Amino acid sequence: MAPTPSTTMPKFKSKFAMHRDGHTNPLVWLVAIICTILAVAVVIAGIVVFIGYIAIHPRVPVISVTNAHLDLLRNDYAGLLQTQISIVVTAKNGNAKAHATFSSITFNLSYQGQDIAMLVAGPFEVPKNSSKDLNYVVQSSSIPLTPDQMEQVGDAWKKNEIKFDFKGAARTQWRVGPFGSVKFLCHLDCDLMFRPINGTYVPSKCTSKSK
Ligand SMILES: *[C@@H]1O[C@H](CO)[C@@H](O)[C@H](O)[C@H]1NC(C)=O
Ligand SMILES: *[C@@H]1O[C@H](CO)[C@@H](O)[C@H](O)[C@H]1NC(C)=O
Ligand SMILES: *[C@@H]1O[C@H](CO)[C@@H](O)[C@H](O)[C@H]1NC(C)=O
């Protein structure tokens, strides 16, 4: 049906859209149809990407801290810290169709900017839909603390709460058939919180993000 120009709002009568007889210019229809097709295509592409993301993302290989314990925490008046921490890192491959390889794994443990230890692991494979635990025991004696850091340790004892920074990175890859692989880089950055009194780990979400 041809739109009839409004008599109450003559200002809105468009010179561009109408012929003198009030029919819409076919070119305008063409542009409108192309725009509609493009808009629908963009929406469909968005939905496809979103579904792909939802389907793949939860299965991307991840590393996470699944357990830990503060075995020892001792500080003296000279400003030396002695500690032992057990950390279990789990490498998980949620893909039911491909083996995952984990490599270039490093973790840095630090306290208030003071490096305590660097943990590494050689490359290994995790079969389809399974996981592997890496057990670390970090033993550190005589970590020299600044007066500020000593004060922080004092407060940690008082609050019965101490936090260590745990940063990690790994390369992961899925072998896809004989031809190729999908590679990811994953990063982990979390606080490991413990109760100094009994060494209990206060669990928090500590899982890598992948790119
Ligand atoms: C993956 O493993 C979980 C348990 O670890 C199991 O419940 C699930 O069925 C497995 N999925 C596939 C596709 O094998
Ligand atoms: C750990 O520290 C080393 C040396 O400072 C650095 O090369 C490495 O990239 C660090 N790893 C992470 C995961 O931050
Ligand atoms: C350790 O202490 C905290 C609080 O001080 C308590 O909540 C926790 O249950 C204790 N854990 C164990 C294993 O005793």
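Counting starts at 1 for both ligands and their atoms, in listed order. This structure is a prediction, so every number in the text was calculated from the model and none was measured.
Between Arg195 and ligand 3, not a single N/O pair is under 3.5 Å apart.
Pocket lining of ligand 2, defined as residues with a non-hydrogen atom under 4.0 Å away: Thr106, Asn108, Met118, Lys167, Gly168, Ala169.
Within the model, atoms CG of Leu192 and CG of Asp165 stand 8.5 Å from one another, a figure rounded to the nearest 0.5 Å. The CG atom of Leu73 sits 9.5 Å away from atom CD of Gln82, with the distance rounded to the nearest 0.5 Å.
Taking the six-membered ring where tryptophan is involved, the planes of Phe194 and Tyr201 are tilted, since the angle between them lies from 30° to 60°. Using cut-offs of 30° and 60° on the angle between ring planes, the pair Phe124 and Phe102 is parallel.
For the 3.5 Å distance criterion, the side chains of Asp115 and Ser110 fail to qualify, holding no donor opposite an acceptor.
Other residues, nucleotides and ligands contribute over 12 non-hydrogen atoms within 6.0 Å of the CZ atom of Arg195.
Residue pairs meeting the side-chain hydrogen bond (donor to acceptor under 3.5 Å, both in side chains) criterion with at least one partner in residues 184-193, sequence neighbours excluded, do not occur; the list is empty.
Atoms of ligand 3 found under 4.0 Å from any heavy atom of Thr200, numbered from 1 in the order shown, are 1 (C), 10 (C), 11 (N), 12 (C), 13 (C). Ligand 3 places these atoms under 4.0 Å from at least one heavy atom of Asn198: 1 (C), 2 (O), 3 (C), 8 (C), 10 (C), 11 (N), 12 (C), 14 (O).
Using a 4.0 Å heavy-atom cutoff, Ile197 is absent from the residues neighbouring ligand 3.
The residues Glu125 and Arg175 are annotated as salt-bridged, a charged nitrogen and a carboxylate oxygen being separated by less than 4.0 angstrom.
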